[in-house]
Amino acid sequence: MQRRYRTLPELKAHESAQAVSFTDPELACKLTAMGVLPGAMIEMVRKAPFGDAFYVKVDGVRLALRTEEAEQILLTV
Amino acid sequence: MNKDAQQLQPLKVGLVGNPNSGKSTVFNQLTGLRQKTGNFPGVTVEIKEGSFTLPKGRRVSLVDFPGAYSLYPTSSDEKVLAEVLTHTTDPHFPDVLVYIADVTHLEKHLLLFTQILDLQIPAILALNMIDLAAAEGIKITVQPLAAKLGVPVVLVNGRTGENIAQLSAVIEQMESISPVLTKPFYKFSDDETSVSDAIKHNFGISNAYRALLLAHHKDWLPFLNSAEKAILGTITETKQFQSLRAQVEETLSRFDRFTPIVQEAIQHPPVFPTTTTDRIDAVLTHRVAGPFIFVGVMMLVFSCIFYGYEITGGWVEGLMGWLIEKAEAAVAPLQIAWLTDFITKGILEGLKGVLVFVPQVALLSFLIAMLEESGYLTRVVFMFDKMMRRFGMNGRSIVALIGGGACAVPAIKGTRTIGNWKERIITIMVTPFISCSARIPVYMVLIPIALPRAGWWIWAQVFGAMYVLGVVTALASGWVLNKILKTREASFLTLQMPVYRVPHWKNVWLTVMDKVKSFVAGVWKPILIITSALWFLSSFGPGDIAEKAKNSASMDITAGVRTDADRGDLEASYKLEYSWAGKVGKFIEPAIRPLGYDWKIGIGILSSFLAREVFNSTMYVIYSLESVGKKEESAAGDEKPFERYATLKDRMMNDRFRDTDQRIYTTATGLSLLVFYALAMQCMSTLVVVKQETGRWRWAILQFLVMGIMAYLFAWVTFLVAS
Ligand SMILES: Nc1nc2c(ncn2[C@@H]2O[C@H](COP(=O)(O)OP(=O)(O)OP(=O)(O)O)[C@@H](O)[C@H]2O)c(=O)[nH]1
């Protein structure tokens with residue numbers, strides 16, 4: 001069975017997708033501790049003014065993530 | 001310890017919770033003004049300690065731990081909690097923990113709480129922000145939480161103080177309640193069990209989870225000695241224990257277990273509506289509008305600081321004038337001239353150096369606390385993270401740089417929120433480039449001297465350009481340091497943005513008080529040392545300088561150069577010239593001559609180590625205008641700031657070099673001196689704080705040298721280009 005994932009930076013503004021897993025273990029630690037768990041719906045709110053950071057919403061919690069952090073978040077297609 | 005002694009010991013209570021759960025607010029409610037900020041030994045993480053009395057009279061010493069999401073820390077702030085809770089003999093180890101959770105996001109806030117349960121520390125769960133919950137239509141049933149977690153649960157409102165008394169009452173009962181949970185909340189995997197058992201056995205630890213945490217944190221826990229680290233290393237290696245993976249597994253499993261409990265206790269409305277916060281953020285963090293709004297906000301902040309300085313500067317001058325008069329009257333009967341002089345010109349001058357900045361620090365911490373409390377600063381961090389990282393800093397550094405606009409001392413202390421070592425060092429190193437308010441009066445004197453024929457409009461532009469110069473050099477130095485310094489520490493942004501709130505006045509007020517107190521505590525010693533040294537250098541010299549000064553003044557008056565009315569001022573001026581300070585000024589003259597300066601400016605620069613604005617009062621004395629200076633300097637608050645120092649300006653502009661008879665203050669000298677004051681590290685208090693915050697004199701000395709060399713070179717180039 002072939003599956004393809006997207007990463008968080010690929011989402012357009014106001015698009016949502018479900019988190020599948022986190023590739024970097026250290027970031028996984030941090031995100032899960034904040035309650036961003038695999039299976040959560042992540043909504044892209046907007047990009048930062050100078051790029052390179054994202055404003056997302058997860059279960060009503062607002063998060064700021066750098067691109068290299070956001071790339072570690074795999075989402076359903 | 002017997003029972004009576006135990007009664008006398010205050011009960012140690014710790015406040016823990018996730019960032020932004022309202023911990024500090026509850027702390028303020030419980031302790032009010034009976035609090036102080038301290039440091040954890042070794043790390044520069046701030047902790048607040050306070051005290052209060054329980055209803056039946058037992059004293060409580062309360063510690064506000066830095067906010068943390070979990071006992072698996074990712075920043076030095078978070079590490080403090082893990083360190084204390086795994087070390088039962090730590091002086092901060094609590095008898096009782098009060099866990100503050102934001103009830104509107106309870107499903108995210110219980111991870112750390114369940115970890116604490118497994119450490120078997122008596123704990124109370126305080127559900128905060130019940131007002132917001134009510135407004136959002138969230139229904140709370142306490143019973144399932146209390147039953148399934150086995151702890152007392154209290155609903156509180158940190159803002160109004162509702163139920164805070166009840167919380168105290170529950171803390172009081174805690175001593176007689178034994179922990180209810182008999183089984184650990186989290187069930188270990190087989191690997192974890194065997195690692196934990198081995199550590200329990202080797203270290204004589206009874207709590208299984210504490211033993212497991214030692215395995216996870218063996219590399220950095222400071223209380224472990226190398227032998228203990230070696231044992232832990234062997235245990236984790238033979239059991240092939242994979243710390244990071246185990247942490248994630250544990251976290252997920254804890255969430256799995258407490259999520260149903262939360263769902264039973266909390267009824268959310270079915271959807272998360274678009275809230276006011278979203279609508280505000282659509283504007284404030286907008287890709288185009290956001291940065292412009294930020295610039296607008298900053299201009300507002302700086303206008304406040306600037307006008308604040310104008311107004312309060314006058315007050316401080318007035319107050320000091322009065323104090324000096326009183327002091328003179330008090331010590332005059334003793335008939336000891338040097339003592340009077342030391343008290344009025346030494347000690348009180350130093351006191352003024354501190355007092356001038358108190359309103360500045362208060363105003364700035366007030367403005368920053370407002371921005372912080374409202375939630376706006378986190379957005380600034382988000383918007384500017386990328387830009388600041390190019391310069392080796394991160395979004396949080398912006399706060400320090402803004403603070404540098406008032407005074408670098410509190411700004412540098414504020415860098416403790418920056419988790420990454422390298423980014424923090426860079427921020428500390430470049431913050432003093434930002435033009436602080438001590439430079440304002442110096443700029444006001446020098447700008448009209450540099451450009452005598454330009455009107456106030458141009459002067460104001462140049463004044464603005466001085467700030468730009470500061471920001472540009474700060475960023476450029478950051479860029480360079482970024483290339484030089486190396487670190488392997490990961491840097492994260494991953495940041496929760498709180499909802500927008502109207503600032504809570506009690507929090508803002510207590511923050512301002514705390515900042516002012518720690519500012520005064522930090523600077524009074526270096527300032528006292530510097531004032532005493534400067535007073536000595538400028539009051540004594542080879543031979544009887546008072547006598548020599550008297551003679552020179554008389555000669556000038558008989559020659560008709562000056563009138564008898566000027567006698568006092570003239571004597572003061574000659575005395576300074578003949579003093580050690582004058583000697584030093586003349587000694588360094590050859591070194592600063594290429595920049596266009598004479599020995600008088602040398603003395604000015606020397607005296608600026610107290611605080612840069614002392615340059616002005618030194619110039620008044622040198623140009624025998626001491627009595628005029630008092631009037632002009634206290635004219636702060638009038639509407640023509642650039643014309644305030646007119647007499648001084650005229651006198652300085654007519655001065656000529658003795659050997660070449662050329663004017664000293666040409667446009668080139670003026671500009672060069674402006675650049676020098678913008679870039680040089682001339683503040684003893686800042687150097688002391690840099691030493692405190694970095695733990696080493698090394699960084700302070702490096703900063704002093706590099707900024708000095710840069711100031712010299714740039715001032716020199718400016719002088720050459722402009723002449
Ligand atoms: N509406 C409401 N707001 C509250 C309540 N308690 C705290 N706040 C606000 O929540 C915000 C965060 O509170 P803090 O006390 O700074 O939170 P903290 O947990 O100490 O945060 P850190 O210092 O980041 O660890 C502040 O703006 C408070 O005014 C409450 O019961 N109701």
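Order of the sequence lines sets the chain letters (A, B, ...), proteins ahead of strands, with each chain counted from 1.
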Next item on the list: Using side chain to side chain donor-acceptor pair (under 3.5 Å) as the criterion, point out the one residue from Lys30(A), Arg66(A), Glu69(A) that pairs with Thr494(B).
Entry: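 In the set Lys30(A), Arg66(A), Glu69(A), the residue that makes a side chain to side chain donor-acceptor pair (under 3.5 Å) with Thr494(B) is Glu69(A).
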Next item on the list: Answer yes or no: are there more than 12 heavy-atom neighbours, outside Trp421(B) itself, under 6.0 Å from its atom CH2?
Entry: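 Counting neighbours around CH2 of Trp421(B), more than 12 heavy atoms of other residues, nucleotides or ligands fall under 6.0 Å, so yes.
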Check: More than 12 foreign heavy atoms under 6.0 Å from CZ of Arg287(B): is that the case here?
Finding: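 Correct, the count exceeds 12.
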Please state whether the side chain, the backbone, both or neither of [X] comes within less than 4.5 Å of a heavy atom of chain B.
X: Phe54(A); answer: backbone
X: Leu31(A); answer: side chain
X: Glu26(A); answer: both

Next item on the list: Start with the C-alpha gap between Tyr69(B) and Gln496(B), add the side-chain angles, then the distance that decides, and say whether side chain to side chain contact (heavy atoms under 4.5 Å, CB included) holds.
Entry: CA-CA 11 Å; Tyr69(B) 292 103; Gln496(B) 267 192 29; 3.5 Å; yes
As an exercise: rank [options] by heavy-atom pairs under 4.5 Å with chain A and give me the winner.
options: Thr378(B), Val248(B), Val499(B); value: Val248(B)
options: Val288(B), Leu112(B), Thr277(B); value: Thr277(B)
options: Gly290(B), Ser70(B), Pro291(B), Pro73(B); value: Pro291(B)

Checklist line | His109(B) ring center within less than 6.0 Å of Tyr99(B) ring center | finding: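 Centroid separation for Tyr99(B) and His109(B): 6.0 Å or greater.
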Check: Tyr209(B) and Tyr186(B): aromatic ring centres closer than 6.0 Å?
Finding: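 Not under 6.0 Å, so no.
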Contact class of [X] relative to chain A, heavy atoms under 4.5 angstrom:
X: Thr251(B); result: side chain
X: Asn18(B); result: neither
X: Arg379(B); result: side chain
X: Arg389(B); result: side chain
X: Leu252(B); result: side chain
X: Leu111(B); result: side chain
X: Phe255(B); result: side chain
X: His286(B); result: backbone
X: Ala289(B); result: neither

Check: Which residue out of Val45(A), Leu27(A), Thr32(A), Leu65(A) racks up the most heavy-atom pairs below 4.5 Å with chain B?
Finding: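 Top count of heavy-atom pairs under 4.5 Å with chain B: Thr32(A).
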Notebook entry, point to check: Looking at Tyr55(A), is Arg62(A) sitting on its ring face, NZ or CZ under 6.0 Å from the six-membered ring centre and within 45 degrees of the normal?
Noted result: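 No.
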Check: Passes side chain to side chain contact (heavy atoms under 4.5 Å, CB included), Asn394(B) versus Leu493(B)? Steps please.
Finding: CA-CA 8 Å; Asn394(B) 73 28; Leu493(B) 175 61; over 6 Å; no
Notebook entry, point to check: Does any N or O in the side chain of Arg6(A) come within less than 3.5 Å of the main-chain N or O of Thr76(A), such that one atom is a donor and the other an acceptor?
Noted result: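 Answer holds: yes.
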Next item on the list: With rounding to the nearest 0.5 Å, note down the distance linking CZ in Arg279(B) to CG in Asp281(B).
Entry: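 Interatomic distance, Arg279(B) CZ to Asp281(B) CG, rounded to 0.5 Å: 11.5 Å.
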